[in-house]
S.K.: 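Dropping the structure in here first, questions after.
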Amino acid sequence: MAVTVRLFAAARAAAGVSQLEVAAGSVQGILDSLVESHPALRQVLPQCSYLLDELALHDLGSQVNDDSTLDILPPFAGG
Amino acid sequence: MAVTVRLFAAARAAAGVSQLEVAAGSVQGILDSLVESHPALRQVLPQCSYLLDELALHDLGSQVNDDSTLDILPPFAGG
Amino acid sequence: MANVARVLVTTEVISVSDLAAAVRSNTAGAIVTFSGDVRDNDHGREVTSLEYEAHPSAQGLLEKVASEIAGRHDVLDVAVAHRHGPIPIGEAALIAAVSAKHRKAAFDACADLVDEVKAQIPIWKHQVFADGTDEWVNCA
Amino acid sequence: MANVARVLVTTEVISVSDLAAAVRSNTAGAIVTFSGDVRDNDHGREVTSLEYEAHPSAQGLLEKVASEIAGRHDVLDVAVAHRHGPIPIGEAALIAAVSAKHRKAAFDACADLVDEVKAQIPIWKHQVFADGTDEWVNCA
């Protein structure tokens with residue numbers, strides 16, 4: 001019973017891991033705890049967007065429940 | 001000793017020939033004689049442009065001398 | 001309404017002629033293609049290797065973008081492919097192809113498609129430079 | 001100043017992949033191609049066969065147009081081919097390809113090149129329709 005956080009591209013590179021398990025809470029709370037455990041994320045997160053269970057997330061106050069997946073997406077650079 | 005007239009595309013189709021020899025004279029005079037001998041050219045010529053010895057010709061009053069070539073070009077439709 | 005002929009997010013080589021063939025038809029008078037190729041330089045710095053990373057949702061989102069383009073322009077067929085993983089210099093990362101009865105719609109739709117792919121598809125580019133440094137593009 | 005990589009007025013089959021290859025380089029980030037294909041219909045009438053006729057000056061004038069486009073846009077390489085003689089339905093009559101560092105210049109230059117070819121090159125199109133009538137296009 002936990003939240004799965006998936007980190008991509010520059011966020012993965014900064015954290016040094018592609019996936020983490022964290023305790024349920026608000027998105028902002030989860031991000032704060034990630035920065036505490038992986039300080040290099042501090043510079044990347046302000047540019048990122050987020051998916052909660054594959055849906056775009058606009059309110060960092062949203063609650064993330066156990067068994068959910070939070071994706072951290074740096075700015076796109078396709079093409 | 002004569003002027004060579006080359007007809008292309010719709011002008012050739014209207015005249016039924018691709019090349020003619022005519023007497024020297026003004027461009028307009030040559031065109032008038034061509035319409036007389038090949039009446040179907042009457043509808044095509046007003047849309048055409050002309051090359052005198054491969055150079056664009058803008059004045060139908062220009063003189064065409066013997067051994068010159070006058071090209072009759074219908075509206076382009078490439079591409 | 002136009003047809004989405006092919007949408008592909010793949011680690012394999014992608015080719016302009018394949019995508020152009022996918023949108024070809026006897027009613028199409030114009031086919032416009034775009035190929036975004038890996039360059040050996042970026043902002044004046046020499047690039048030695050390059051890799052794209054794609055989010056698992058990229059295929060589905062690319063299909064959605066292709067459908068939007070097909071609905072927004074007076075075109076016949078739309079196809080788009082994005083390669084990921086390591087891509088050698090000079091090979092294509094993104095190819096788009098659009099067919100239409102008339103050329104203006106084909107040009108407009110193809111340019112619009114490329115813009116939307118760059119803005120909306122979760123794909124990232126990692127470049128390694130000749131001086132040994134590297135960067136995630138667009139991530140200051 | 002950009003380079004004119006290939007200019008061709010020919011009765012042979014012309015191909016998008018050949019022209020795209022002609023403008024490819026490791027410094028080019030974007031390649032845009034246009035293919036103008038023979039359609040089986042025009043203004044709602046079924047076309048059964050089609051033939052292009054080219055003036056002897058077409059090759060030289062096409063080289064001039066390609067050079068103008070290369071000088072007018074921030075692009076790397078320009079290539080263009082126009083086929084003449086009879087062309088089967090679905091095959092290409094005109095192909096243009098432009099490479100550039102950035103995509104907007106490639107799209108703009110390729111569209112401009114096609115416009116200029118249509119306006120400036122002495123080539124004519126003759127269509128035969130299913131009802132047995134025929135026309136020289138643009139010649140009312």
Side-chain angles (χ1 to χ4, degrees), chain B residues 2-22 27-28 30-32 34-60 62 64-79, chain D residues 7-10 14 34-39 42-43 47 50-62 64-66 80-85 87 91-96 110-128 133-140:
Chain B
V3 169
T4 300
V5 177
R6 299 193 300 182
L7 302 106
F8 294 88
R12 176 177 39 71
V17 288
S18 60
Q19 191 163 319
L20 291 163
E21 307 279 296
V22 299
V27 176
Q28 189 62 63
I30 289 172
L31 298 178
D32 289 345
L34 286 174
V35 168
E36 215 165 298
S37 55
H38 302 82
L41 280 174
R42 189 182 300 278
Q43 289 178 357
V44 177
L45 291 187
Q47 311 171 64
C48 288
S49 57
Y50 304 94
L51 299 179
L52 183 54
D53 294 328
E54 303 254 320
L55 291 176
L57 181 91
H58 299 294
D59 176 9
L60 296 187
S62 304
V64 184
N65 298 317
D66 282 335
D67 295 329
S68 283
T69 298
L70 177 69
D71 285 353
I72 301 181
L73 312 183
F76 304 162
Chain D
V7 176
L8 208 58
V9 174
T10 175
I14 55 177
F34 168 84
S35 174
D37 297 350
V38 171
R39 284 182 292 165
D42 195 30
H43 296 103
V47 175
L50 188 144
E51 185 157 0
Y52 283 87
E53 178 177 338
H55 187 269
S57 67
Q59 171 78 31
L61 289 168
L62 195 55
K64 184 161 166 282
V65 162
V80 58
H82 204 305
R83 184 174 171 188
H84 60 110
I87 306 183
E91 296 191 6
L94 169 64
I95 296 177
C110 191
D112 193 10
L113 175 52
V114 175
D115 287 347
E116 293 287 7
V117 168
K118 288 182 176 261
Q120 294 195 34
I121 306 303
I123 289 182
W124 301 278
K125 177 155 70 172
H126 184 242
Q127 299 186 134
V128 178
T133 61
D134 70 295
E135 69 164 5
W136 289 93
V137 175
N138 290 348
C139 209

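Chain identifiers are assigned alphabetically (A, B, ...) following the order of the sequence lines, protein sequences preceding nucleic acid strands; residue numbering begins at 1 within each chain. Keep in mind it's a predicted model, so treat the numbers as computed, not measured. Basis for what follows: all heavy atoms, side chains included, without hydrogens, waters or symmetry-related copies.
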S.K.: Write down the atom of D:Trp136, the atom of B:Ala13, and the distance for their closest heavy-atom approach.
M.R.: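 D:Trp136 and B:Ala13 have their closest heavy atoms at NE1-CB, 3.5 Å.
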S.K.: Check the orientation of B:Phe8 and D:His55. Use parallel for under 30°, tilted for 30 to 60°, and perpendicular for over 60°.
M.R.: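 Ring orientation, 0 to 90° scale: tilted.
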S.K.: At a heavy-atom separation under 4.5 Å, does D:Glu135 approach chain B through its side chain, its backbone, both, or neither?
M.R.: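 When you check distances to chain B, no heavy atom of D:Glu135 falls under 4.5 Å.
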S.K.: Does any backbone or side-chain atom of D:Ala119 lie under 4.5 Å from a heavy atom of chain B? Answer side chain, backbone, both or neither.
M.R.: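 For D:Ala119, the backbone is the part near chain B, not the side chain.
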S.K.: Rounded to the nearest 0.5 Å, what's the gap from CG on D:Asn138 to CZ on B:Phe76? Could you check?
M.R.: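 Between D:Asn138 CG and B:Phe76 CZ, I get 11.0 Å after rounding to 0.5 Å.
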S.K.: Could you tell me the separation between the CH2 atom of D:Trp124 and the CZ atom of B:Arg12, rounded to the nearest 0.5 Å?
M.R.: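 Here the rounded value is 9.0 Å.
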S.K.: Is it the backbone or the side chain of D:His126 that comes under 4.5 Å from a heavy atom of chain B, or both, or neither?
M.R.: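 Nothing of D:His126, per the 4.5 Å heavy-atom cut-off to chain B.
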S.K.: Looking at every heavy atom in both D:Glu53 and B:Ala9, which two are closest together, and how far apart are they?
M.R.: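 Of all heavy-atom pairs spanning D:Glu53 and B:Ala9, the closest is OE2-N, 3.1 Å.
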S.K.: Heavy-atom cut-off 4.5 Å, strictly under: side chain, backbone, both or neither for D:Val114 against chain B?
M.R.: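 Neither the backbone nor the side chain of D:Val114 comes within 4.5 Å of chain B.
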S.K.: Looking only at heavy atoms, which two atoms of D:Val137 and B:Ala77 are closest? And how far apart?
M.R.: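 So the minimum-distance heavy-atom pair works out to O-CB, 3.5 Å.
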S.K.: Mind listing the closest non-hydrogen atom pair of D:Lys125 and B:Gly79 along with its distance?
M.R.: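 In terms of heavy atoms, the two residues are closest at NZ-O, 4.1 Å.
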S.K.: Quick one: list whatever passes salt bridge (Lys or Arg N to Asp or Glu O under 4.0 Å) with D:Glu116, sequence neighbours left out.
M.R.: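 D:Glu116: salt bridge (Lys or Arg N to Asp or Glu O under 4.0 Å) contacts with D:Arg72.
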